[in-house]
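Contents: one structure, followed by commentary.
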Amino acid sequence: EAKGTGRDRMRFFDPAMQLAQDQRMRLLSELRLATELGQWRLYYQPQVDATRRMIGVEALLRWQHPRLGLLLPDDFIGLAEDSGLILPIGLWVLQTACAQLKQWEADPHSAGLPIAVNVSARQFRQPDFVAQIVALLAASECRPELLKLELTESLVLDDISNTIDTMLALKVLGLQFSMDDFGTGHASLSYLAQLPLDQLKIDKSFVAKLPGLAKDETIARAIITMGLGLNMRVIAEGVETEAQRDFLGTQGCAECQGFLFSRPLPIDALQDYLDKKAQPAATA
Ligand code: C2E
Ligand code: MG
Ligand code: MG
Ligand code: MG
């Protein structure tokens, strides 16, 4: 089969693919050193209520890469997960968030503000994940109620009984849980109702075309009704326009996160945002 062989060989020696593979290997070797070299940055995106008051933040990871500049998760999270490096990186994220919570406690403007942290499946499935959190909470002396873990539908569905056990153990400690990117996975209603979730996040793909696209209006409305009906808080992500915010608010979802309010900010800029909001209106 000369034809088939030729095609296989062409694919195998494809120079573009080889280049991509080389770049991936280079990035992986740099990723191995990133923690040690202090290249991780945690950005914080405000979450607001109907009055635009900040009610919390989501911590979003960035890689200050020496050659490529500030990298977004899409550039490296897959590689970190495949290689297992997500475990030390994820721990760094949790440590940094807990240290920030503790520091905020000292300032009345920021005391009580929760931080949401994204947790990957591999991290959550570690047999000692709960023990790691216990140790972190003890070391940082932060309030567990202010630490919120964001899980995805695929993580939850992968092993539902294990997921529920781990969530319950962490809820006993006081942690909160949010279902991220809700509506993009395959979680059924019966699964959702079984999980000890505090919050549902409407995925930004359903927010983007609001208002106007009837299909997405229906989906957003259904998610809000369902979440509130199950006694969860509902927050929309990816809110970029007043029209989106108005539509969501009218449907009962007053809590929002998105570029309309703020981009994810480095800690100094977030601190400025907090201090500005804390000033009395007369002096603003
Ligand atoms: P996510 O958890 O769903 O985070 C929301 C993403 O939407 C963030 O992208 C945020 O910057 C972006 N975003 C916020 N507001 C808007 C908006 O108004 N419009 C649009 N178009 N986008 C908006 P980012 O920071 O690039 O993060 C991407 C994903 O990477 C996150 O999605 C999360 O799944 C993952 N990720 C981020 N940090 C971590 C981490 O520390 N650990 C793990 N395991 N995953 C992380
Ligand atoms: Mg998230
Ligand atoms: Mg999300
Ligand atoms: Mg997302």
Side-chain angles (χ1 to χ4, degrees), residues 31 34-35 39-48 54 56-65 69-100 114-126 129 132 136 147-156 158 176-185 187 197-210 220 223 227 234-245 248 253 255-267 269-270:
L31 195 66
T35 304
Q39 293 169 350
W40 299 118
R41 303 287 179 270
L42 214 45
Y43 276 48
Y44 299 89
Q45 187 174 35
Q47 301 176 329
V48 303
M54 207 192 299
V57 296
E58 178 175 9
L60 294 159
L61 184 62
R62 305 290 182 252
W63 181 8
Q64 187 62 62
H65 192 282
L70 194 69
L71 298 184
L72 296 172
D74 284 352
D75 298 322
F76 60 84
I77 283 282
L79 205 56
E81 274 169 359
D82 295 348
S83 61
L85 288 166
I86 193 68
L87 300 182
I89 298 169
L91 194 58
W92 179 89
V93 171
L94 283 165
Q95 273 164 351
T96 306
C98 286
Q100 193 56 60
I115 298 183
V117 169
N118 295 283
V119 174
S120 82
R122 229 169 141 161
Q123 198 183 357
F124 190 79
R125 295 278 174 244
Q126 295 173 95
F129 184 63
Q132 285 179 26
L136 259 170
L147 183 61
K148 186 186 285 180
L149 302 186
E150 295 199 355
L151 309 180
T152 59
E153 287 171 76
S154 61
L155 179 154
V156 161
D158 182 43
Q176 297 198 53
F177 284 97
S178 180
M179 177 70 91
D180 205 353
D181 303 340
F182 187 70
T184 60
L197 287 166
D198 301 280
Q199 186 184 55
L200 278 189
K201 292 188 90 169
I202 306 174
D203 188 68
K204 57 177 174 290
S205 63
F206 302 119
V207 173
K209 299 194 180 72
L210 299 179
I223 293 175
V234 180
I235 187 166
E237 67 174 17
V239 178
E240 297 182 354
T241 69
E242 291 290 353
Q244 289 167 347
R245 187 184 84 119
L248 290 159
C253 175
E255 298 184 4
C256 290
Q257 176 182 343
F259 297 163
L260 176 64
F261 310 100
S262 172
R263 297 206 163 244
L265 302 170
I267 187 63
L270 181 75

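If you're wondering where the values come from, they're calculated on a predicted model, not measured in any experiment. As the structure lists them, so they are numbered: ligands from 1, and atoms in each ligand from 1.
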Next on the checklist: Just to check, does K201 reach to within less than 4.0 Å of ligand 1 when the distance is taken from its heavy atoms?
Outcome noted: no
Item to check | Nearest candidate to atom 46 (C) of ligand 1, where distance is taken over non-hydrogen atoms, out of V93, N118, T96 | outcome: N118
Next on the checklist: Taking 4.0 angstrom as the limit and counting only heavy atoms of P264, give me the atoms of ligand 1 inside it, by number and element.
Outcome noted: 11 (O)
Checklist entry - Do any nitrogen or oxygen atoms of E240 come within less than 3.5 Å of a nitrogen or oxygen of ligand 1? => result yes
Checklist entry - Is any N, O or S atom of E150 under 2.8 Å away from the Mg ion (ligand 3)? => result no
Checklist entry - For ligand 1, which atoms sit closer than 4.0 Å to a heavy atom of G258? => result 15 (N), 18 (O)
Item to check | By side-chain hydrogen bond (donor to acceptor under 3.5 Å, both in side chains) - contacts of Q257 (at least two apart) | outcome: Q45, Q47, E58, K201
Checklist outcome for this item: Min over D181, L61, L155, L71 of heavy-atom distance to atom 3 (O) of ligand 1 lands on D181
Checklist entry - For the residue pair W40 and W63, does the interplanar ring angle fall in the parallel (under 30°), tilted (30 to 60°) or perpendicular (over 60°) class? => result tilted
Checklist entry - Nearest 0.5 Å, what's the CD-CH2 distance between Q39 and W92? => result 11.5 Å
Next on the checklist: Less than 4.5 Å apart, side chain to side chain, heavy atoms only: is that true for L42 and Q100?
Outcome noted: no
Checklist entry - Any idea which atoms of ligand 1 are less than 4.0 Å away from a heavy-atom of I77? => result 43 (C), 45 (N)
Checklist entry - How about L60 and P73: do any of their side-chain heavy atoms sit closer than 4.5 Å? => result no
Next on the checklist: Just to be sure I'm reading this right: ignoring hydrogens, which of I89, V239, L60 gets closest to atom 8 (C) of ligand 1? Compare them by their nearest heavy atoms.
Outcome noted: L60
Checklist entry - Out of Q45, E237, Q257, who gets a non-hydrogen atom closest to atom 15 (N) of ligand 1? => result Q45
Checklist entry - Mind checking whether the Mg ion (ligand 2) has an N, O or S of S178 under 2.8 Å? => result no
Checklist entry - To the nearest 0.5 Å, what is the distance between CG (D181) and OG (S154)? => result 9.0 Å
Next on the checklist: Quick check: do L149 and L94 have side-chain heavy atoms less than 4.5 Å from each other?
Outcome noted: yes
Checklist entry - Heavy-atom contact under 4.0 Å between G90 and ligand 1? => result no
Item to check | Part of D180 with heavy atoms under 4.0 Å of ligand 1, whether side chain, backbone, both or neither | outcome: side chain
Checklist entry - In D180, what N, O or S atom is nearest to the Mg ion (ligand 3), if we give its atom name? => result OD1
Next on the checklist: Any heavy atom of R62 closer to ligand 1 than 4.0 angstrom?
Outcome noted: yes
Item to check | Heavy atoms of other groups near R125 CZ, more than 12 under 6.0 Å | outcome: yes
Checklist entry - Distance-only, no hydrogens or angles: does the R122 side chain make a donor-acceptor pair with backbone N or O of E81 under 3.5 Å? => result yes
Checklist entry - Roughly how far, to the nearest 0.5 Å, is CG of L155 from CD of E150? => result 12.0 Å
Checklist entry - So do L147 and L136 actually touch side chain to side chain, heavy atoms under 4.5 Å? => result no
Checklist entry - In chain order, what residues pass the ring pair (Phe, Tyr, Trp, His ring centres under 6.0 Å) check against F182, with sequence neighbours excluded? => result none
Next on the checklist: Of all the N, O or S atoms in E58, which has the shortest distance to the Mg ion (ligand 2)?
Outcome noted: OE2
Checklist entry - Taking non-hydrogen atoms only, is E58 closer than 4.0 angstrom to ligand 1 via side chain, backbone, both or neither? => result side chain
Checklist entry - Any N/O of L72 closer than 3.5 Å to an N/O of ligand 1? => result no
Checklist outcome for this item: Paired with F261, the side-chain contact (heavy atoms from CB on, under 4.5 Å) test is passed by just one of E240, R245, M54, namely R245
Checklist entry - What part of S120, side chain, backbone, both or neither, has a heavy atom within less than 4.0 angstrom of ligand 1? => result both
Checklist entry - Closer than 2.8 Å to the Mg ion (ligand 3), do we get an N, O or S atom from E237, backbone or side chain? => result yes
Checklist entry - Relative to the Mg ion (ligand 3), which of the N, O or S atoms in D181 is the closest? => result OD1
